[in-house]
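Below you'll find the structure, written out as structure tokens, and then a few comments.
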There are 2 protein chains.
Amino acid sequence: MDLIAIYKCLCDQTRLRLVHLLTQGPLCVCHLQSILGAPQVAVSKHLAYLRERGVVESQRHEQWMIYRLPNKPQPELEMQLRCLQDCVQTHLVFREDLKKLKKIRSDCDWLEDVVATQRTARK
Amino acid sequence: MDLIAIYKCLCDQTRLRLVHLLTQGPLCVCHLQSILGAPQVAVSKHLAYLRERGVVESQRHEQWMIYRLPNKPQPELEMQLRCLQDCVQTHLVFREDLKKLKKIRSDCDWLEDVVATQRTARK
DNA sequence: GCGGTATATACTTATGCGGTTATATTGGAT
DNA sequence: ATCCAATATAACCGCATAAGTATATACCGC
């Protein structure tokens with residue numbers, strides 16, 4: 001059942017934080033890595049796990065891999081994404097991740113450009 | 001994080017079906033067992049797993065153990081219970097479980113009595 | 001080409017967990 | 001006290017998976 005696959009994806013703290021961060025928009029591995037403070041191989045493997053199950057998609061941009069949530073996630077995933085939004089208030093980790101994300105975004109303008117480029121490319 | 005514990009509880013098909021059935025009200029192990037069609041030891045172990053994590057509560061009534069969801073589940077669990085309701089429509093397993101549950105309830109009136117007794121006892 | 005950065009994969013190890021079998025516990029009936 | 005039904009626990013096996021280390025691949029700039 002796909003519902004269970006989604007629960008399996010979200011029942012690990014690293015993956016849950018990854019998915020939560022990606023609800024804010026596409027991100028490259030190195031940024032995810034620096035926000036989580038996790039070793040590169042861990043981030044990469046968890047992203048692969050999510051990708052294999054259709055929870056995230058990836059696309060290369062030059063030397064960076066940009067990960068994103070699918071445009072139209074399956075309904076079961078969408079429900080969980082909504083739940084995640086509600087959890088941001090009550091769970092400190094998520095809020096801190098968001099803070100770090102904002103900082104990264106402000107430090108690095110090219111990220112916006114990349115995302116914009118890919119978004120238009122897909123239309 | 002408790003959110004993750006809940007995802008771990010729900011990421012197994014047997015446990016997910018158990019939790020879903022208990023949203024309909026308290027049930028004893030033998031009924032859960034006959035609805036799931038799973039071996040007794042499996043049901044018992046999964047219920048223990050859920051109990052240890054506060055997702056279900058249990059109470060002995062004569063020779064039967066009655067399992068139920070807590071009166072006031074933690075908010076994270078409540079969100080998932082709401083999601084589960086939405087999934088009933090799209091997931092056949094749940095609907096079939098409900099059908100079997102209705103049949104059992106109609107075959108066995110003492111269940112209602114037990115539940116009623118325990119409910120009033122707790123007030 | 002080479003070196004560096006970003007990312008993925010292979011391999012190993014340790015752990016948790018699901019399934020199975022066997023046994024223990026609890027309560028009711030006789 | 002004995003037997004049975006309902007349920008839980010223990011002991012085992014096998015598998016998935018998380019973490020760590022090392023290595024490979026892909027792209028870029030020179």
Side-chain angles (χ1 to χ4, degrees), chain A residues 1 4-19 21-22 26-53 55-68 104 107-108 110-111 113-115 117-118, chain B residues 1 4-19 21-22 26-53 55-68 104 108 110-111 113-114 117-118:
Chain A
M1 199 159 37
I4 296 190
I6 290 180
Y7 282 133
K8 286 198 173 150
C9 285
L10 301 181
C11 74
D12 173 90
Q13 170 134 354
T14 305
R15 286 197 294 265
L16 189 58
R17 289 169 72 194
L18 286 171
V19 171
L21 281 167
L22 291 176
L27 283 167
C28 71
V29 179
C30 57
H31 287 158
L32 290 167
Q33 181 183 341
S34 84
I35 294 173
L36 295 190
Q40 179 265 322
V41 62
V43 176
S44 188
K45 276 203 292 189
H46 282 300
L47 285 170
Y49 184 105
L50 292 170
R51 183 165 23 85
E52 286 157 11
R53 286 153 184 84
V55 171
V56 305
E57 297 171 354
S58 66
Q59 191 175 354
R60 181 176 284 279
H61 176 83
E62 297 170 359
Q63 46 210 307
W64 300 280
M65 289 294 288
I66 312 289
Y67 279 83
R68 65 176 73 240
I104 282 184
D107 287 357
C108 132
W110 66 262
L111 181 59
D113 301 343
V114 169
V115 170
T117 314
Q118 292 203 358
Chain B
M1 198 159 41
I4 296 188
I6 291 181
Y7 281 134
K8 285 197 177 153
C9 284
L10 301 181
C11 76
D12 173 89
Q13 170 134 354
T14 304
R15 287 196 294 266
L16 189 59
R17 290 170 71 194
L18 285 171
V19 171
L21 281 167
L22 291 175
L27 283 167
C28 71
V29 179
C30 56
H31 287 158
L32 289 167
Q33 183 182 340
S34 84
I35 293 173
L36 295 190
Q40 180 264 324
V41 63
V43 177
S44 189
K45 273 205 299 184
H46 282 301
L47 285 170
Y49 185 104
L50 293 171
R51 181 165 25 83
E52 287 157 11
R53 286 155 185 83
V55 171
V56 305
E57 297 171 353
S58 65
Q59 190 174 355
R60 180 176 284 279
H61 175 83
E62 296 171 358
Q63 47 210 306
W64 299 278
M65 287 294 288
I66 311 290
Y67 278 84
R68 66 174 74 240
I104 282 185
C108 133
W110 65 263
L111 181 58
D113 301 342
V114 170
T117 314
Q118 292 203 358

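Scope of the values below: all heavy atoms of this structure, side chains included, with no hydrogens, waters or symmetry mates. Note that the coordinates shown come from a computational prediction; the quantities given were computed from them, not determined experimentally. In what follows, chains are A, B, ... by sequence order, proteins preceding strands, each numbered from 1.
- Rounded to whole Å, the distance from CG on B:L18 to P on D:dT7 is 13 Å.
- Side-chain contact between B:C9 and B:V19 is absent, with no heavy atoms from C-beta onward closer than 4.5 Å.
- In this entry the distance linking CD1 of B:I4 with P of C:dC17 reads 13 Å, nearest Å.
- Atom P of nucleotide C:dA6 and atom CD of A:E62 are separated by 13 Å, given to the nearest angstrom.
- Distances were taken from every side-chain heavy atom of A:S44 (C-beta onward) to each of D:dA18, C:dT9, D:dC28; the shortest belongs to C:dT9.
- For the pair B:L47 CG and D:dA6 C1', the interatomic distance rounds to 13 Å; values are reported in whole Å.
- Between the side chain of B:K45 and the base of C:dG19, at least one donor-acceptor pair of N or O atoms lies under 3.5 Å.
- For the atom pair B:L32 CG and B:H46 NE2, the distance stands at 12.5 Å (nearest 0.5 Å).
- Separating the CD atom of A:Q13 from the C1' atom of C:dG16 is a distance of 17 Å, rounded to the nearest angstrom.
- With D:dT21, C:dG27, D:dC27 as the candidates, the nucleotide lying closest to the side chain of A:V41 is D:dT21.
- One can find a donor-acceptor pair under 3.5 Å joining the base of D:dA8 and the side-chain atoms of B:Q40.
- One atom, CD of A:Q59, and another, C1' of C:dA8, lie 17 Å apart when rounded to the nearest Å.
- Of the candidates D:dA18, C:dG18, C:dT9, the closest approach to any side-chain atom of B:D12 belongs to C:dG18.
- Of all heavy-atom pairs spanning B:Q13 and A:I4, the tightest one is CA-CD1, 3.1 Å.
- Between the side chain of A:R15 and the backbone N or O of A:K8, at least one donor-acceptor pair lies under 3.5 Å.
- Among the atoms of the strands shown, none is found under 4.0 Å from any heavy atom of A:V43.
- Phosphate proximity of C:dG19 to B:H46: present, with a side-chain N or O under 4.0 Å from OP1 or OP2.
- Atom pair B:H61:NE2 and D:dA5:P shows a separation of 19 Å (rounding to whole Å applied).
- Atoms CD (B:Q63) and P (D:dA6) sit 7 Å apart, rounded to a whole Å.
- A close approach under 4.0 Å does not occur between any side-chain nitrogen or oxygen of B:R60 and OP1 or OP2 of D:dA8.
- The listed nucleotides are C:dG27, C:dA8, D:dT7; the one nearest the side chain of A:V29 is C:dA8.
- Residue A:S58 comes nearest to A:M65 through the heavy atom pair OG-CE, 3.6 Å, listed as atom of the first residue, atom of the second, then distance.
- Residue B:Y49 places none of its side-chain N or O atoms closer than 4.0 Å to OP1 or OP2 of D:dA8.
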